[in-house]
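One structure below.
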Amino acid sequence: MNKYRYFALVTASALALGGCDKISGFFGGDSKSEEFVQRIEPSKDDGSVGMLLPDFAQLVQNEGQAVVNIQASPAGRAAGSGQSEEQGMDLSQFPDNDPFYEFFKRLVPNMPDMPEDQSADEDLNFGSGFIISKDGYILTNTHVVAGMGNIKVLLNDKREYTAKLIGSDTQSDVALLKIDASEELPVVKIGNPKDLKPGEWVAAIGAPFGFDNSVTSGIVSAKGRSLPNESYTPFIQTDVAINPGNSGGPLFNLKGQVVGINSQIYSRSGGFMGISFAIPIDVAMNVAEQLKTSGKVQRGQLGVIIQEVSYDLAKSFGLDKASGALIAKVMPNSPAMQAGLQVGDIVRSVNGEEVRVSSDLPVMVGSMLPGKEVSLEVWRKGEKINVKVKLGSMAEQNETSSRATEQPQQANPADGFTVDNTGLTLRVDEGAGKSRLIVSRVSGAAERAGLKRGDEILAVSQISVNDESSFRSALAGAGKNVPLLVQRDGNTLFLALTLQ
């Protein structure tokens, strides 16, 4: 195709688009659009979903100036003297004559020669952050700046500042920095992560492996993810490419608003594998405000141990659906005990907000300050009740010892008894002036429920049991779906025994 025919086709296309009022959207020039997207509405009668085309170029142009690169080093060493974020870009893994060493050395900005002292380079942390106020407050991850005395912030326009660490919170992995700038600073817009929906487009801006101002995009995979040792953060899961160096950077929605802080990835290789997690921005801003005002973060606490309500447990407790947080243990002298909460209670809502899964409860309670009174809707023995609780703090709930874990005494099978239809063989252990009901053997329904040899059965359908008579009596009035309270390895949990 010669250049004249090509020019004619382009001109004709532009005129046709202009006639139907689409040309500005085609070239991304519609400045009146509230979101950085071009919507193509469904035109078929079969219910086909309309396309949503994101305009990331405009989003980056408008919002990327407020994203910063962070370089942190120990006290006594200048930040930026090496290139290693969270030890993620360590060239020591390549021999001197390895072509990959030269490849990364050429590509990564300011990459120094491989030092003889490898430990010196490993002390450097590189990450990302974003400016949340015109007076210079910046959010990033705690693990980017933890233990570092020198923190340098590099803006998109090449300005550099030394940052002060205002405070950090290990539990949420949120840190607040402050820079003093004489010139005006760009600031991000804060969005509402509760408006996010799975399948919605999002974008991340950061400095993976030191490549600053890098943009990656994807969709929201899920919301409210609970990760190990992260009870107070309902993570946003995405498939946005996140790598070492993106930590602390913003996650944007298509309105150009920050909805999260990129924090973690799930990986077996150390690199991105399609699953990344962001801290919701409302959680981070709550932490930042507390760090700004008091230098520390306080979280309310009930003083209970909870577990998920499975489908079988929901049936055994008479619930219409599997939701809420099941209380498996109430801590001594806790706010929960003082308010009258009981083992076997299922918390369905907090201040009118539904507890869909058990992990919602610590997030809701932890977002409130100690001393605040909350109203809990509780399901107890087939009825809804409301319980008022004045929250305590985490520091007050350091449990010294929950219960001495006694090893079940070995007994002969002849000492036990078998309960028909349950698959349970139990025995009664006597000691320390009390009786304990111990599981000797499991099969059938008991095995399907998850009971194990050595478990101690504390209650049947919320009726305490400690011998054969009390167990059979409680089981007789429990119906076909029976909640069992069990102690195992010093912890208590509920199991649902389904009888045929």
* Structure fact -> P208 and S214 have their tightest heavy-atom pair at CD-CB, 3.6 Å

* When you look at I346 and V378, which way does the side-chain contact (heavy atoms from CB on, under 4.5 Å) test go after all the steps? -> CA-CA 5 Å; I346 299 177; V378 172; 5.9 Å; no

* Asked: So, the side chain of W379 versus the backbone of F317: is there a donor-acceptor pair under 3.5 Å, distance only?
  -> yes

* Asked: Thinking salt bridges, do K390 and E373 make one under a 4.0 Å N-O criterion?
  -> no

* Structure fact -> Which of Q264, R225, K223 passes side chain to side chain donor-acceptor pair (under 3.5 Å) with Q237? Answer is R225

* Is there a donor-acceptor pair closer than 3.5 Å between any side-chain N or O of Q307 and the backbone N or O of F494? -> yes

* Does the side chain of V355 come within less than 4.5 Å of R348's, by heavy atoms? -> no

* Do F56 and F252 have ring centres separated by under 6.0 Å? -> no

* **Close side-chain approach of K292 to L176, heavy-atom, < 4.5 Å** => yes

* Quick one: does Q290's side chain have a donor or acceptor within less than 3.5 Å of a partner on Q298's backbone? -> yes

* To do: Taking only Lys NZ, Arg NE, NH1 and NH2, and the carboxylate oxygens of Asp or Glu, determine whether K189 and E63 approach each other closer than 4.0 Å.
  => yes

* To do: Spell out, as yes or no, whether a donor-acceptor pair under 3.5 Å connects the side chain of N481 to the backbone of T498.
  => no

* **Identified salt bridge (charged side-chain N to carboxylate O under 4.0 Å, His left out) partner of D345 from the options R380, K384, K329** => R380

* **Residue pair T425 / T418, side-chain donor-acceptor N/O under 3.5 Å** => yes

* To do: Return yes when atom CG of N386 has more than 12 non-hydrogen atoms of other residues, nucleotides or ligands closer than 6.0 Å, and no otherwise.
  => yes

* Can any side-chain N or O of D169 pair as donor or acceptor with the backbone N or O of D173 at less than 3.5 Å? -> no

* To do: Find out whether Y137 and L177 are in side-chain contact, i.e. whether some heavy atom of one side chain is under 4.5 Å from a heavy atom of the other.
  => no

* To do: Indicate yes or no: does D455 engage R453 in a salt bridge with an N to O separation below 4.0 Å.
  => no

* Can you find a pair of side-chain heavy atoms, one from S247 and one from H143, that are under 4.5 Å apart? -> yes

* Polar side chain donor-acceptor pair, E430 to S435, under 3.5 angstrom -> yes

* Between T492 and Q487, a side-chain donor and acceptor under 3.5 Å -> no

* Can you check whether V374 reaches L391 side chain to side chain, under 4.5 Å on heavy atoms? -> yes

* Do the side chain of N286 and the main chain of E289 share a donor and acceptor less than 3.5 angstrom apart? -> no

* Asked: Is there side-chain contact between P234 and V363, with at least one heavy-atom pair below 4.5 Å?
  -> yes

* Validation row: V309, V357 side chains within 4.5 angstrom (heavy atoms) -> no

* Would you say S128's side chain and N69's backbone share a donor-acceptor pair under 3.5 angstrom? -> no

* Asked: Of V258, I279, I261, T238, which is the lone residue that meets side chain to side chain contact (heavy atoms under 4.5 Å, CB included) with L251?
  -> T238

* Does E354 pair with K321 as a salt bridge, N-O distance under 4.0 Å? -> yes

* **Side-chain donor/acceptor of S473 to backbone N/O of S469, under 3.5 Å** => no

* **Student check: side-chain heavy atoms of V188 and L139 closer than 4.5 Å** => no

* **Donor-acceptor contact below 3.5 Å, side chain T216 vs main chain A241** => yes

